[in-house]
Structures are given as structure tokens and as C-alpha cells.
Amino acid sequence: MPSAPPSRVLERTPIYRMVHVDCLTTLLARDALHAPSRVPDDGLP
């Protein structure tokens with residue numbers, strides 16, 4: 001069986017992140033999702 005051509009192998013895969021509704025306000029205010037060790041000191045919860 002022949003292998004798939006390289007263009008099929010390198011297709012982009014969408015990645016989704018589930019976020020609790022209580023965290024949505026902070027996430028939208030920061031306009032980014034940060035790792036717990038990299039959260040900016042902006043006073044948001």
C-alpha cells in the first residue's frame with residue numbers, strides 16, 4: 001500500500017481548548033490564554 005503524499009501528511013489540525021464559563025471573562029479581558037506559571041500581574045483573577 002503506497003504511503004500518503006506529503007501534502008496530506010502536513011495538513012493543519014485544529015486544536016480546541018475547553019474553558020470553564022467562570023474563567024471566560026478573564027480570558028477575554030486578557031485576549032490570550034496563559035500558562036499558570038506565565039500569568040501576567042494585571043490584577044485579574
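If you read the sequence from its start, that first residue is 1, and numbering goes on from there.
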Should Leu28 and Leu44 be regarded as members of a common hydrophobic cluster, given that ILVMFWY residues are connected when their side-chain heavy atoms come within less than 4.5 Å of each other, either directly or indirectly? no

Distance-only criterion, 3.5 Å: show the donor-acceptor pairs between side-chain atoms of residues 14-23 and protein atoms not counting sequence neighbours.
{"unit_1": "His20", "atom_1": "ND1", "unit_2": "Asp22", "atom_2": "N", "d": "3.0"}

What are the two closest heavy atoms between His34 and Val39, and how far apart are they? CB-CA, 4.2 Å

Kindly give the heavy-atom pair with the smallest separation between Arg30 and Pro45, and that separation in Å. NH2-O, 3.9 Å

Going by side-chain contact (heavy atoms from CB on, under 4.5 Å), name the residues that satisfy it together with Thr25, two or more places apart in sequence or in a different chain. none

